[in-house]
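Letters go in sequence order (proteins before strands), and every chain restarts at 1.
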Amino acid sequence: MKILIVEDEREMAKSIVQYLRQESYVCEVAYTSNDAEEKIMLHDYDCILLDITLPDGNGLKILEKLKKERKLEGVIIISAKNSIEDRIQGLNLGADDYLPKPFHLAELGARVSAVIRRKRFEGNNTLKFNEIEVDLLGKVIRVNGKMIDLTRREYDLILFLMSNKNRVVTKNAIAEHLSGDDAEVFDNFDFIYAHMKNLKKKLSAAHCPDYIKTIYALGYKFEA
Amino acid sequence: MKLLTRTVRNYVLFSALLFSVSTPLFYFSIQWLFVNKIDRELKSHKNEFHELLPLLKTENDINFFSLMNDEFLLKESSYLMQNDSFLMVDIFNSKEEEIHPYRVLRTSVMIQDKPYQLQIQESMVETGELIGAIVAIQVAVIALLLSGFVLINRKLSNTIWHPFYIILDKLKKYQIDRDKSILLPYSSTSEFRDLSVAISQLVNRNAEVFQSQKEFTENAAHELQTPLAICRTKLELLAQTKDLTQEQADLVGSLSDAMDRITRLNRDLLLLFKIENHQFFNIEEIDLKVAITKCLEVYRHKVQEKSLSVKLSLDDASFIKGNTVLVEVLINNIISNALRHSNGGGTVTIESTKSSLTVSNSGDPLGYPEKIFERFHRESRTTLGSGLGLSIVRKICEVAGYEIAYDYFSSTHHFKITFTPAAF
């Protein structure tokens, strides 16, 4: 899995690389738009993370170029601008997703894995891990082939954790992910504990090993 | 009290005082002058009489003289007065059958070695009338002067003070966050010109300071974005480190919470600046019902988790004019505020009419209801809000020309937004 990260902020790029590398992605970084254009011409990437505010030009130009080259699939725009116009423009130009800064790395991880899944499986969209099978289109989960009745929140929760396998996902990232892009997070994190408790109960009832490890005060980890 | 009333009142008081003092003074001094003049005439009559004296030889001569000269009265007297005396006497005038005031000079003369009392008299009737006329004219002149003064002052206040009232009006309407500069009228009066110049300078200086202050905070918020984003990612990476002890996990957890708050705060601040800078200017027609339903969908899970009951009463054909983004933020903030602050199991009521939206939620009364829309005012520190949600609501209303009101009754908080048709 090859990922290009176009980001002028070096520390930011470094963090992203470090996080995604744990999922055994191969990451390359371009700090300028020239650099990015060159890399795009030479290689094929499964996913491109594109910061559209670059020092030597607007990242939307790279997007246009990608469109011309028909290499558009798998572009996630990351932007500090978070303006609706930007978002609409980016998505209109054919980007797959738009993630406003500052984001949680777990959120980025989930989006990247979603983009790659979509690209690779072309519709037949399932995510498998040992006895767990996630049907991404039907939004249901099967353990050992048996469907488990999960609420929407519980489904989102386990998918989010599985997309960030073997990494600690903070409760803050979970709260933001569950609330959605437009919503305010306004409770304490109690509701996550409640959902998590129910989820674990349902999984163990289906004889699924306890993959979800709790790290007190911090979050959860889906451990393979 | 108006400036004009104040000045005119003082002038009128002074004039009235002057008038009441000067009129009797004037009257008496004129009378004194006239009496003086008459006295001199009487004396000269006396001298004339003395010149005639050698001609009066017999009793008949004397009688004849008295008859010929009304104003001279000769009477035999037993004694000789040493001094002349002047008197005011009222004498019956047989011709006009009236009593007239007279000025009388009494003196003694020796005619043919016999003492006589001589009385020379002069009518004061004309003099009195003259004095009356003079005083009346003076009163009339003063009265005219006074009324003319009031009239001129009133007219002047309308013309001369006109620029002043314009300046005042402009100052009242001036808003530092909206108007860049202030345009004051040119006045031919140098004082008002100076005032205009001084105000313009003051306003420009303040506007500059305000602008640079605003730019500074705005830039600061922008500049914070990147380090904040880096901090956030580094914290997440820190959470990934192997063999994290529970103590370290606690620390990273607390840091993440604080980081979230800073992030939210910064995001809301940036939004506030954007609204203040009028960066949302596209005006469209928005279906209020659709916008509310869309917002409620976002919070569907939250409503379930807090087991709140949401009562809806939405008008089917409520279209308002506004910027889509701003109206969405407005509705989102006002509804999320109600959801956030209602206790578990409480009720949130959302009501919309053709031109208004009312969101109510049950809850305890606020400690400081007057501060509810203020930035960073929070009744409790336990919520995760930035403390800017309702400030943003108010700012949007301000920019869009909507009206917002907060009220608390029957254990319920009510927020009412009135969408005035003349928005923007």
Side-chain angles (χ1 to χ4, degrees), chain A residues 7-16 18-19 22 53 78-85 100-109 151-153 156 164 166-173 175-176 178-192 194-195 215-219 221, chain B residues 222 225-241 244 246 248-254 256-257 259-260 262-264 266-267 270-271 274 279-280 294-295 297-302 304-306 324-325 328-329 332-333 335-337 339-341 382-386 389:
Chain A
E7 164 71 67
D8 64 309
E9 201 63 51
R10 277 158 203 268
E11 277 305 318
M12 195 71 202
K14 217 170 116 188
S15 298
I16 296 172
Q18 206 176 332
Y19 190 82
Q22 292 171 340
T53 44
I78 45 177
S79 167
K81 267 165 114 186
N82 191 21
S83 71
I84 308 292
E85 291 81 6
K101 276 187 200 171
F103 46 76
H104 284 110
L105 286 173
E107 185 64 42
L108 182 72
T151 64
R152 180 65 203 274
R153 290 285 229 210
D156 285 345
N164 289 286
N166 288 322
R167 278 161 292 180
V168 177
V169 180
T170 60
K171 57 191 186 307
N172 314 74
E176 217 160 276
L178 291 186
S179 298
D181 275 349
D182 301 317
E184 293 265 323
V185 177
F186 52 73
D187 268 325
N188 45 34
F189 301 107
D190 289 350
F191 75 101
I192 301 175
H195 288 308
I215 294 133
Y216 289 102
L218 193 51
K221 189 174 180 179
Chain B
H222 260 298
Q225 287 279 79
T226 307
L228 273 178
I230 293 172
C231 254
R232 201 179 216 193
T233 55
K234 297 293 175 197
L235 265 176
E236 274 188 279
L237 289 175
L238 185 58
Q240 312 305 326
T241 48
L244 204 64
Q246 188 53 52
Q248 288 163 337
D250 280 346
L251 285 172
V252 176
S254 306
S256 301
D257 292 351
M259 210 57 227
D260 271 10
I262 301 173
T263 305
R264 261 194 293 278
N266 209 50
R267 188 198 58 203
L270 280 170
L271 177 63
K274 266 187 169 177
Q279 287 182 19
F280 302 94
K294 198 170 139 196
C295 174
E297 180 55 32
V298 171
Y299 291 109
R300 193 165 52 92
H301 294 291
K302 209 80 248 180
Q304 280 169 13
E305 278 157 10
K306 284 188 89 170
T324 314
V325 178
E328 271 175 17
V329 172
N332 188 357
N333 281 18
I335 290 180
S336 74
N337 178 71
L339 297 174
R340 185 202 300 266
H341 293 292
T382 51
T383 56
L384 292 173
S386 65

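Taken to the nearest 0.5 Å, the CG atom of A:Asn172 stands 5.0 Å off from the CG atom of B:Asp257. Summarising the geometry, atom CZ belonging to A:Arg152 is positioned 7.5 Å from atom CZ belonging to B:Arg300; distances are rounded to the nearest 0.5 Å. Remark: B:Glu305 CD to A:His195 NE2 distance equals 3.0 Å, nearest 0.5 Å. A distance of 10.0 Å separates OG of A:Ser15 from CG of B:Leu235, quoted to the nearest 0.5 Å. In this structure, OG1 on B:Thr263 lies 12.0 Å from CZ on A:Phe103, to the nearest 0.5 angstrom. Between A:Leu218 atom CG and B:Gln248 atom CD the span is 11.0 Å, to the nearest 0.5 Å.
For A:Ala106, the parts lying under 4.5 angstrom from a heavy atom of chain B are both the backbone and the side chain. For B:Leu251, no part sits under 4.5 Å from any heavy atom of chain A, backbone or side chain. The contact between B:Ser256 and chain A is made by backbone and side chain atoms together, counting heavy-atom distances below 4.5 Å. Only the side chain of B:Val325 comes within contact range of chain A, judged by heavy atoms closer than 4.5 Å. In this structure, chain A has no heavy atom under 4.5 Å from any part of B:Asn266. Residue B:Asp250 touches chain A through both its backbone and its side chain, counting heavy-atom pairs closer than 4.5 Å. Looking at A:Lys221, neither its backbone nor its side chain comes within 4.5 Å of chain B, counting heavy atoms on both sides.
Note on A:Gln18, A:Glu9, A:His104, A:Glu11: by heavy-atom pairs under 4.5 Å with chain B, the leading option is A:His104.
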*Could you walk me through whether A:Lys101 and B:Leu228 pass the side-chain contact (heavy atoms from CB on, under 4.5 Å) test, one step at a time?*
CA-CA 9 Å; A:Lys101 276 187 200 171; B:Leu228 273 178; over 6 Å; no
*asked:* Could you walk me through whether A:Phe191 and B:Lys306 satisfy the side-chain contact (heavy atoms from CB on, under 4.5 Å) test, starting with their C-alpha distance in whole Å, then the side-chain angles of each, then the deciding distance to 0.1 Å, before giving a yes or no?
replied: CA-CA 9 Å; A:Phe191 75 101; B:Lys306 284 188 89 170; over 6 Å; no
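In terms of heavy atoms, B:Gln246 sits closest to A:Ala217 at NE2-CB, 4.3 Å. When all heavy atoms of A:Pro102 and B:Arg232 are compared, the pair lying nearest together is O-NH1, 3.0 Å.
The environment of B:Lys234 atom NZ is dense: over 12 non-hydrogen atoms of other residues, nucleotides or ligands sit within 6.0 angstrom.
Side-chain contact between B:Thr233 and A:Tyr19 is absent, with no heavy-atom pair separated by less than 4.5 Å.
At a threshold of 4.0 Å, the pair B:Glu236-A:Arg167 does not count as salt-bridged, since none of the basic side-chain nitrogens sits closer than that to a carboxylate oxygen.
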